[in-house]
Protein chains: 2
Amino acid sequence: MSPTIEDAAEFLERALRSRSFVLIVGDCRVDYDGRASSTLDWGERAVIIKKDGSVLVHRPTGYEPVNWQPPSCLVRLSRSNANGLTVNASRAQPRENISIEYRNISLAAFGSLNDTSEFALHVTEAQMKQAILTAPNLVEEGLRPLAEEKHISETGFTDIYAEDKNGFLVIVEIKRNAANRDAVMQLQGYLEKIRKRTDRHLRGIVVAPYIRKSALPLLESLKIEFIKVAPEQCFAVLKTQKDMKISQFIAVSEDDNSKLI
Amino acid sequence: MSPTIEDAAEFLERALRSRSFVLIVGDCRVDYDGRASSTLDWGERAVIIKKDGSVLVHRPTGYEPVNWQPPSCLVRLSRSNANGLTVNASRAQPRENISIEYRNISLAAFGSLNDTSEFALHVTEAQMKQAILTAPNLVEEGLRPLAEEKHISETGFTDIYAEDKNGFLVIVEIKRNAANRDAVMQLQGYLEKIRKRTDRHLRGIVVAPYIRKSALPLLESLKIEFIKVAPEQCFAVLKTQKDMKISQFIAVSEDDNSKLI
DNA sequence: CCTTTCAGTTAGTTA
DNA sequence: TAACTAAGTGAAAGG
C-alpha cells in the first residue's frame, strides 16, 4: 500500500525540484531548532511544503501546525540511511531549522496549484460600492447616487457619482482597505479631469475602512474629504438585502401555512 | 485523472463519517461569514479537515491558511447541483460558517493518523534533568548530584538527589513547564516519605521555567524552594555538550591537518 | 532592515 | 465559563 522509502525519496526529490505544492503523510519524527527548540517523537502527521518554502507539520487535531517554517526557506531532502528519509527546512535570519525524519510514508503527492484569485476579507470593493449605492447615507446624509462610472483609463478605481443635499456634484472613491496617499492622488487626478469639463462645484470623498496617517496632509491640502466606512457596515447592508428576500419568502410561507389551518 | 465530482462526493461522504484526517485538493470557491466575512473566488487549494472539526484552506503560498475553522465545528457535505460539491463547516459561539464549493477535485484522501507522542517545546524533562546533572550550578552554586532516583510509586516525577555545599540532602523536582500546586504537593509527599527514613536535614527544590502565582503560598508554608531554570539554559548546556564533542573532533582534525602541512 | 501594531488571531492558564 | 496573557506568534505598514 505505502510506497517504499526508496520510491518516496525519488518521488519527493522530483517534487521539491519542481517547486510545486507538496503533500506528505507519514510516520515521522520532527526536530526544530531556532528561536526555540522542540522535539516530537514518532507519529503520523501531514506535511505541506509550498513553493515559496513554507513548511507546515500538522498533527491529527488542532488549528495550528505543531511545527512549521515560514515562507522563503530552503527545503532539502537527505537519506539518513537505507530506511530513513529526512526533509530539512532551514532559513537564516533568524537561523532556524526543522528536520522531519520519516520511517514510513503512506501518501506523497505534488502538483502546481493554479490559484490567482484575490482574497477579499469582509467585502470586495464591488460589494462596498453596492452597499453604498443601496444605502448612500453610509457616506453622507442626503447623498443621491447618479450613475455608475465606467472605468475610462484608471485601474482599480472603484467610484460613485452622486449629488449631495445642496446639489453639488460628488465623486466618491471607494477603497476596500486602508486609504493611502495613492488613493488620494488617484481621486485628485480624476477630479482634475472632471473640472476641465464642468463648472459645477465638485467634492471629492475617499471612502475606506480607515486612512493612513501619512495620507492626511495630502488630503487636507487638496480639500478632499475622508469618510470612514467599515466593511462590516457594508456587509450589514448587503446582508439586510439578502435577509429581506428571505424574510419576504418566509412571510409568504407563513401566509400559506395560515391558510392550511 | 481527477475523480468525478460524483465519485469524490461519495468518497468524501465516507471520509467525513469516519471522522478521520481528510485531504482535498481541488478547484474551489470559499465563502466565510462569522466574526468577519470573506470571499475567495475560484482557484486550486488544499483543504485539511481534521477529526476534531478543524478545517484549513491553504493557498499555494504562505504560512497561514486563507480560511479556516477552529476545532469542534460541524462539517457537512452538500450537493449544490450535479457538478457542484460543497463542504460546509460551521460552529456556534461565535456563530461562524465557511463553505467550500468545488467544481473540480484533483485529489481526495483520508485516513486516521496515529500520533500519540508528546510535543516537547524547548527540551524534555529528561533533557532538563540531563542538563542539570551536567551543570548543577544551574540550580545552585556548589550542588553535587548523588544518584538518579528510581521511580518508586510516583508518576511523572522527574527528580535529582543531591547534596548542597553544606552537606545537606537536596531533592530537586524538575518540571518542564510551569510549576503549579500539584508539583509542590508532589515534592512535599516525597519529602515526607524520605523524612521518615532519615534524620538528615532535607531541602526540597522545585526547578521549572516559572511558577504559578497560585503555588506560591503553598511553597512558602511548606518551606520548599523554587529555582527558575529556563529550558533555553538547559538547551544551551546540552548544546555545549554536543558542541564539545564536535569541537573536540574538529580540534583533532585540525591537528591532523597541521600534520599534513 | 527594524519597529510598531493588528489579527476572523489561537492556545493556555487563572479567577 | 469568562478574562487575561503569551506565542518559535505571522503579516502589514511606516520609518
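Letters A, B, ... mirror the listed sequences (proteins, then strands); counts begin at 1. What you see is a predicted model; the values in this text were computed from it and never measured.
A donor atom on one side chain and an acceptor atom on the other are found under 3.5 Å apart for Asn67(A) and Ser38(A). Residues Ser72(B) and Asp52(B) bring no donor and acceptor atom of their side chains to less than 3.5 Å of each other. Between the side chains of Thr86(B) and Asn88(B), no donor-acceptor pair is found at a separation under 3.5 Å. Between Tyr32(A) and Glu96(A), the side chains place a donor N or O and an acceptor N or O closer than 3.5 Å (distance only, hydrogens not considered).
Comparing the same atom, P, in dC4(D) and in dG8(D) gives a spacing of 23 Å after rounding to whole Å. Rounded to the nearest Å, the gap between the P atom of dA11(C) and that of dA11(D) is 16 Å. Rounded to whole Å, the separation between the P atoms of dG8(C) and dT4(C) comes to 22 Å.
Within the shown strands, dC4(D) is the pairing partner of dG12(C) under the Watson-Crick or G-U definition, both distances less than 3.5 Å.
Residues Asp115(A) and Arg59(B) are paired through a salt bridge, judged by an N-O separation under 4.0 Å between the basic side chain and the carboxylate.
Of the residues near DNA chain C, Glu96(B) and Pro71(B), the one whose nearest nucleotide (by heavy atom distance) lies more toward the 5' end is Glu96(B). Two residues, Gln93(B) and Asn67(A), neighbour DNA chain D, and the one matched to the more 5' nucleotide by heavy-atom proximity is Gln93(B). If Phe119(A) and Asn180(B) are placed on DNA chain C by their nearest nucleotide, the residue sitting closer to the 5' end is Phe119(A).
You won't find any donor-acceptor pair under 3.5 Å spanning the side chain of Glu64(A) and the base of dG10(D), going by distance alone.
Note on Ser214(A): only backbone sugar-phosphate atoms sit closer than 4.0 angstrom, heavy atoms only; bases stay farther off. Residue contacts shown for Pro94(A) are absent, as no nucleic acid heavy atom lies under 4.0 Å away.
For Arg181(A) and dG14(D), the CZ to C1' distance is 9 Å, given to the nearest whole Å. One interatomic measurement links the two molecules: CD of Glu118(B) to P of dG12(C), which rounds to 12 Å at whole-angstrom precision. Atom OH of Tyr210(B) is separated from atom P of dG12(C) by 11 Å (rounded to the nearest Å). Computed from coordinates, the Leu121(B) CG to dA6(D) P distance equals 16 Å when rounded to whole Å. The separation between Tyr32(A) atom OH and dT9(D) atom P is 7 Å, rounded to whole Å. For Leu40(A) and dG8(D), the CG to C1' distance is 15 Å, given to the nearest whole Å. The OH-P distance, from Tyr63(A) to dA7(C), rounds to 14 Å in whole Å. Rounded to an integer number of Å, the gap from CZ of Arg95(A) to C1' of dG8(D) is 15 Å.
Both thresholds, 5.5 Å between centres and 30° between ring planes, are met by Trp68(B) relative to the base of dG8(C), so the two rings are stacked.
For Arg212(A) and dT5(C), the shortest distance from a side-chain N or O to OP1 or OP2 is not below 4.0 Å. Taking 4.0 angstrom as the limit, Arg35(B) places a side-chain polar atom (N or O) nearer than this to OP1 or OP2 of dT10(C).
Within 6.0 Å of CD on Glu13(B) lie more than 12 heavy atoms contributed by other residues, nucleotides or ligands.
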